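Following: one structure in structure tokens, then a few remarks.
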Number of protein chains: 2
Amino acid sequence: MPESYEEDIRALELFAEMEEANFDALMRGAYVQNFPPRIDLIHEEDRPDFLHVVLTGSVDLYSSWNGRESSMATVRPISTFILAATINDLPYLMSARTLERSRIVLVPSTDVRQIFSKDPAFARAIVTELAQCYRSVVKNTKDLKLRTSLERLANYILRQQTLSGSTEFDLTMEKRRLASFLGMTPENLSRAFKGLEPYGVKVSSNHISIVDPDDLARFAKPNPLIDDHTT
Amino acid sequence: MPESYEEDIRALELFAEMEEANFDALMRGAYVQNFPPRIDLIHEEDRPDFLHVVLTGSVDLYSSWNGRESSMATVRPISTFILAATINDLPYLMSARTLERSRIVLVPSTDVRQIFSKDPAFARAIVTELAQCYRSVVKNTKDLKLRTSLERLANYILRQQTLSGSTEFDLTMEKRRLASFLGMTPENLSRAFKGLEPYGVKVSSNHISIVDPDDLARFAKPNPLIDDHTT
DNA sequence: AACGGTGCTTGATCTGGATCAAGAAAACAG
DNA sequence: CTGTTTTCTTGATCCAGATCAAGCACCGTT
């Protein structure tokens, strides 16, 4: 197993502070795999045999019920999913599929649980991570329950602007997935983009440019307790 | 500080396995308080000075944005809120108010964080609790994104039936709050109850009776990955 | 270059759910 | 008990967003 990606994993907050010996033990049981696009990695209801770490590419977390499907989140390098199921050894609540060609590390769940119980620094990191995940989902719920679809899109665009650090950027996912993530249909997303034109949002293909961010913000009314996903 | 409620708290999974000395230290800094109905306990954006434990009564967790408000969850005895903010020392994402007269224990957050870092059993329990909270919110999101309001109500009724262990039970919250919790207006909740009559749901005031649970289940299609809040 | 496939857009229509308004029923205070 | 307030219900109307249908743009394949 090449040293290279182990360093990347070690750099993750989740693994940064743990004992060297324990980290090595975790990595000993782990292995890397390359997946083509659109491959189902895990499925709702499965047992969490592995903790997954995305090294490159991207992964879609989605859920289904009664023939309907909804995109819940996107996992980008370098981060893990789905920790909560692994830790409590309970069935996955979401399915995961690669969006593009992806390199993914698989760490046996039993190893994670075992080392969790003997490495306090690792335990501390897991708690921080879980609390963060929890807070993210709460923010997402507030977004869904308190805002209209137009407001959700406006705030999504402002968040992407912050992430990219520029008033011009490319969408990081295809529009049909964005629609599902925001809880709307592709048709309505198309119309919603049009609906934001009066606030200075220009869209061509997957390129977005914001004429006047303040103008857009006056409509979107972004709020750190919903939109700041770093805390 | 009377022994009585300390035993109740000790019985909580979160505190059950920790060292006696550490539990005592936690309780030494804690104090109990009685609150009348409809008192705001904490407010979004506040710093988490205390971990709250509900001994009696009930507490509504809700959120606001842009003049709108939505009920997110109800906390019933004996359980805690809001752990995630306390642990990571980050602002609350939700506000909390008493629904009825309630006895609540306040445990200083600094004590919780300090003892968390030196008591492995306590750390383990916190992880389990956080993972459970996380999974609950994910289930709630799936409920919201994958189901119509009528389906959400039908499944809510089936969940309450399971909890009460009977096909007849009383609603545990007023209808306007239930509506908000389910993501609909009070007017529409009223109509939704009517809409479930064909499936054998009878409502009079806050008393519900289900004529044929199987009939209702055929419509509601309950799913453990959304509706079973014990895992 | 022609092709099929897929995603995106646009228009027309439909519907679930929100809003507005008013009356009925409870809950509460004096 | 009585008047007041709040919740719940019902009806009428309105609107956001879903669905249906068709055309268009893009992209990799052969």
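Here the structure is a predicted model, which is why all the values come from computation and not from measurement. These numbers come from the heavy atoms of this one structure, side chains and all, not from hydrogens, waters or symmetry mates.
Judged by the 6.0 Å distance and 45° axis criteria, B/K175 is positioned over the aromatic ring of B/F193.
Rounded to whole Å, atom C1' of D/dA16 lies 12 Å from atom CZ of B/R68. The distance between atom CG of B/L150 and atom P of C/dT15, rounded to the nearest whole Å, is 16 Å. Computed from coordinates, the B/L144 CG to C/dG17 P distance equals 12 Å when rounded to whole Å. Residue B/M184 contributes atom CE, which lies 13 Å from atom P of C/dT19 at whole-angstrom precision. In this structure, B/E197 atom CD and D/dT10 atom C1' are separated by 13 Å, rounded to whole Å. In this structure, CZ of A/F193 is placed 14 Å from C1' of C/dG7, rounded to the nearest angstrom. In this entry the distance linking CG of A/L171 with C1' of C/dG7 reads 14 Å, nearest Å.
The shortest heavy-atom contact between A/A217 and A/P222 is O-CD, 3.5 Å.
Residues B/N66 and A/L146 fail the side-chain proximity criterion, which asks for heavy atoms closer than 4.5 Å. Side-chain contact between B/Y5 and B/R103: present, with at least one pair of heavy atoms (C-beta onward) separated by less than 4.5 Å. Residues B/I208 and B/E168 have side chains not in contact (no heavy-atom distance under 4.5 Å, counting atoms from C-beta outward).
Side chains of A/T167 and A/Q161: no donor on one and acceptor on the other come within 3.5 Å. For B/S71 and B/D60, the side-chain atoms include at least one donor-acceptor pair closer than 3.5 Å.
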Below 3.5 Å is the cut-off: list the nitrogen or oxygen pairs between protein and nucleotides 10-14 of chain C, distance only.
{"unit_1": "C/dT10", "atom_1": "OP1", "unit_2": "A/K194", "atom_2": "NZ", "d": "3.0"}
{"unit_1": "C/dT10", "atom_1": "OP2", "unit_2": "A/K194", "atom_2": "NZ", "d": "2.0"}
{"unit_1": "C/dG11", "atom_1": "N7", "unit_2": "A/R191", "atom_2": "NH2", "d": "2.8"}
{"unit_1": "C/dG11", "atom_1": "O6", "unit_2": "A/R191", "atom_2": "NH2", "d": "3.0"}
{"unit_1": "C/dA12", "atom_1": "N6", "unit_2": "A/R191", "atom_2": "NH2", "d": "3.1"}

Please tabulate, one pair per line, each protein N/O and nucleotide N/O from nucleotides 4-7 of chain D that are separated by under 3.5 Å, including the distance.
none

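Here the options are B/R177, B/R97, B/R176, the test is salt bridge (Lys or Arg N to Asp or Glu O under 4.0 Å), and the partner is B/E69; only B/R97 passes.
Atom CZ of A/R68 sits in a crowded spot, with more than 12 heavy atoms from other residues, nucleotides or ligands closer than 6.0 Å. Environment of CD in B/E45: sparse, with no more than 12 heavy atoms of neighbouring residues, nucleotides or ligands closer than 6.0 Å. Shown here is A/E13, whose CD atom has no more than 12 heavy atoms of other residues, nucleotides or ligands within 6.0 Å.
For the pair B/E44 and A/K142, the salt-bridge criterion is met [side-chain N within less than 4.0 Å of a carboxylate O].
For residues 45-66 of chain B, the pairs satisfying ring pair (Phe, Tyr, Trp, His ring centres under 6.0 Å) are B/Y31-B/F50, B/H52-B/F81, with sequence neighbours left out.
Heavy-atom distances to DNA chain D give each of A/R147 and B/L189 a nearest nucleotide, and the one nearer the 5′ end belongs to B/L189.
Residue contacts shown for A/T185 include a base, since a base heavy atom lies under 4.0 Å away. Using a 4.0 Å heavy-atom cutoff across all strands shown, B/G195 reaches no nucleic acid atom at all.
In the helix from C/dG4-D/dC27 to C/dG30-D/dC1, the rotation axis of the first five pairs and that of the last five pairs differ in direction by 50°, rounded to 10 degrees.
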Check: Using a cut-off of 4.0 Å between protein heavy atoms and nucleotide atoms, how would you tag nucleotides 23-30 of chain C 5' to 3' with B, S and -?
Finding: --------
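Every residue meeting the ring-ring contact (aromatic ring centres under 6.0 Å, His included) condition with A/Y199, not counting sequence neighbours, appears here in chain and number order: A/F219.
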